[in-house]
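Below is one structure, written out as structure tokens, with a few remarks after it.
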Amino acid sequence: MSTAPDSATAAAAPAYRGRFAPSPTGPLHFGSLLAAFGSWLLARHAGGEWWIRVEDLDPPREIAGAADRQLATLAAFGLVSDGPVVRQSERGGHYQAALDDLLARGQAFFCHCSRSELAATGGIHHRCVASERRAHPAVRLRVAPGTVIGFEDGLQGRFVQDVHAEAGDVVLRRADGYWAYQLAVVVDDAAQGFTDIVRGADLLDSTPRQIHLQHALGLPTPRYLHLPLIVDAEGHKLSKSMAALPVDADDPLPPLRAAWAALGQSADRLPDAGGVPALLRAAAAGFAPERLPRLARMTFAAAHNTPAADAV
Ligand code: GLU
């Protein structure tokens, strides 16, 4: 079908292929480094591949040049994609093909509801209540009552969600014409052959709707593991807070050591001397996944100041 692997992105099915998929909305901060390094360590521990994908789907929120700066920062940390760096802005044809397939089978529909009309149901769409037709409607995935999806998270354990009640009919293409994250991520994760998705726990509650969409498109479900999300003292996600300081690409060793500690790993497994390649070699060899902290949220201070293993 249209969303099958394409030659530009897929190779023979690997035993483990993971990825880091930043949105170019600003410089990399400590929370992103944690997701990047954590996903890289899990991939290397499994003897697998680690790819980077640029999720540049939302031009109004993007900062010019941020994607290239993120890639340069990751490279300064020694984190370089094993496969082609795919940019979602170049993959509209694949998203369109998946959307056409869902529309043709009645699994997706045009929705004319406005934001204010959906406010009464907390923004959750269960049926169209639009009073007038819009020139550019959104497209949504139909989510029937009783759609309950559970999965076994590699770190957080079993996670179950009533997708109908908690998410409603999922937006696939926005009324402003941009592709929705949920559709693009599902199409690309399958097309690029990822077996393992490792990302921050802020996306834990997106995973059931992504699995539901995989079912609707006849795509395989990868394994998922959600790392603790670093929050500030007020509990806000770092990327949305004042504490989201960019990590310093000119001095990569301290942030890498801090990320290693935040991932629950012991400092004595990293050499004191040597540069980034030596540190990464030691990290790949000494990584102990069973030490990862099983927390959905961890404060910035805790991640920096205490051995994270104490917090387990
Ligand atoms: N692009 C998303 C972000 O930067 C991550 C998507 C994912 O890992 O599935 O938050």
Side-chain angles (χ1 to χ4, degrees), residues 9 17-43 49-63 66-71 73-74 79 81 83 85-91 94-95 98 149 151 153-156 159 161 167 170-172 174 178-214 217 219-231 236-241 244 246-247 259 296-297:
T9 53
R17 179 181 291 161
R19 56 34 163 213
F20 174 59
S23 303
T25 51
L28 278 196
H29 53 79
F30 187 71
S32 330
L33 176 63
L34 202 68
F37 193 29
S39 58
W40 184 90
L41 285 164
L42 282 154
E49 300 171 9
W50 181 82
W51 293 23
I52 300 172
R53 179 173 68 224
V54 174
E55 301 215 319
D56 51 350
L57 277 181
D58 194 353
R61 289 186 57 233
E62 282 154 24
I63 294 176
D68 289 338
R69 281 197 296 278
Q70 288 180 339
L71 292 171
T73 303
L74 288 165
L79 304 175
S81 184
V85 176
V86 163
R87 293 184 185 240
Q88 290 190 320
S89 56
E90 293 167 3
R91 293 189 45 83
H94 297 270
Y95 311 144
I149 303 273
F151 70 100
D153 186 272
L155 188 59
Q156 312 292 342
F159 186 82
Q161 186 184 65
V170 178
V171 174
L172 302 174
R174 294 158 32 174
Y178 294 122
W179 295 106
Y181 157 71
Q182 307 290 355
L183 176 66
V185 77
V186 163
V187 168
D188 287 343
D189 283 344
Q192 296 186 273
F194 293 121
T195 60
D196 289 78
I197 308 301
V198 176
R199 57 190 178 189
D202 53 327
L203 289 164
L204 191 55
D205 70 353
S206 276
T207 300
R209 71 195 80 168
Q210 290 175 16
I211 293 174
H212 180 57
L213 187 48
Q214 287 156 3
L217 286 166
L219 297 173
T221 293
R223 291 178 289 259
Y224 287 95
L225 187 152
H226 291 83
L227 295 168
L229 183 67
I230 302 291
V231 294
H236 299 131
K237 186 183 168 189
L238 273 195
S239 56
K240 292 193 180 107
S241 80
V247 286
R297 303 170 92 75

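One-based numbering, in listed order, for ligands and for the atoms of each.
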(request) Using the six-membered ring wherever Trp is involved, compare the ring planes of Trp50 and Phe20 and label them parallel, tilted or perpendicular (cut-offs 30° and 60°). (result) parallel
(request) Output the list of atoms in ligand 1 that are nearer than 4.0 Å to some heavy atom of Val185, sorted by atom number. (result) 9 (O)
(message) Would Asp202 count as being in polar contact with ligand 1, using the rule that some N or O on each side must be under 3.5 angstrom apart?
(response) no
(message) Can you give me the closest heavy-atom contact between Tyr181 and Ser206, atom names plus distance?
(response) CE2-OG, 4.3 Å
(message) Need the ligand 1 atom indices (1-based, order shown) with element for anything under 4.0 Å from a heavy-atom of Ser23.
(response) 1 (N), 2 (C), 3 (C), 4 (O)
(request) To the nearest 0.5 angstrom, please state how far the CG atom of Leu183 sits from the CD atom of Gln210. (result) 10.5 Å
(message) Using a 4.0 Å cut-off to any heavy atom of Arg19, which atoms of ligand 1 qualify?
(response) 7 (C), 8 (O), 9 (O)
(message) I need the Gln161 CD to Arg209 CZ distance, nearest 0.5 Å.
(response) 5.5 Å
(request) Start with the C-alpha gap between Gln192 and Arg19, add the side-chain angles, then the distance that decides, and say whether side chain to side chain donor-acceptor pair (under 3.5 Å) holds. (result) CA-CA 10 Å; Gln192 296 186 273; Arg19 56 34 163 213; over 6 Å; no
(request) With heavy atoms of Arg199 as the reference, note each atom of ligand 1 found under 4.0 Å away. (result) 7 (C), 8 (O), 9 (O)
(message) Is it the case that ligand 1 has an N or O less than 3.5 angstrom from some N or O of Ala21?
(response) yes
(request) Could you list the residues that satisfy salt bridge (charged side-chain N to carboxylate O under 4.0 Å, His left out) with Arg87, not counting sequence neighbours? (result) Asp68
(request) Report the part of Tyr181 (side chain from C-beta onward, or backbone N, CA, C, O) that has a heavy atom under 4.0 Å from ligand 1; answer both or neither where that applies. (result) side chain
(request) May I ask you to identify, for Leu203, whether its side chain, its backbone, both or neither come under 4.0 Å of ligand 1 on a heavy-atom basis? (result) side chain
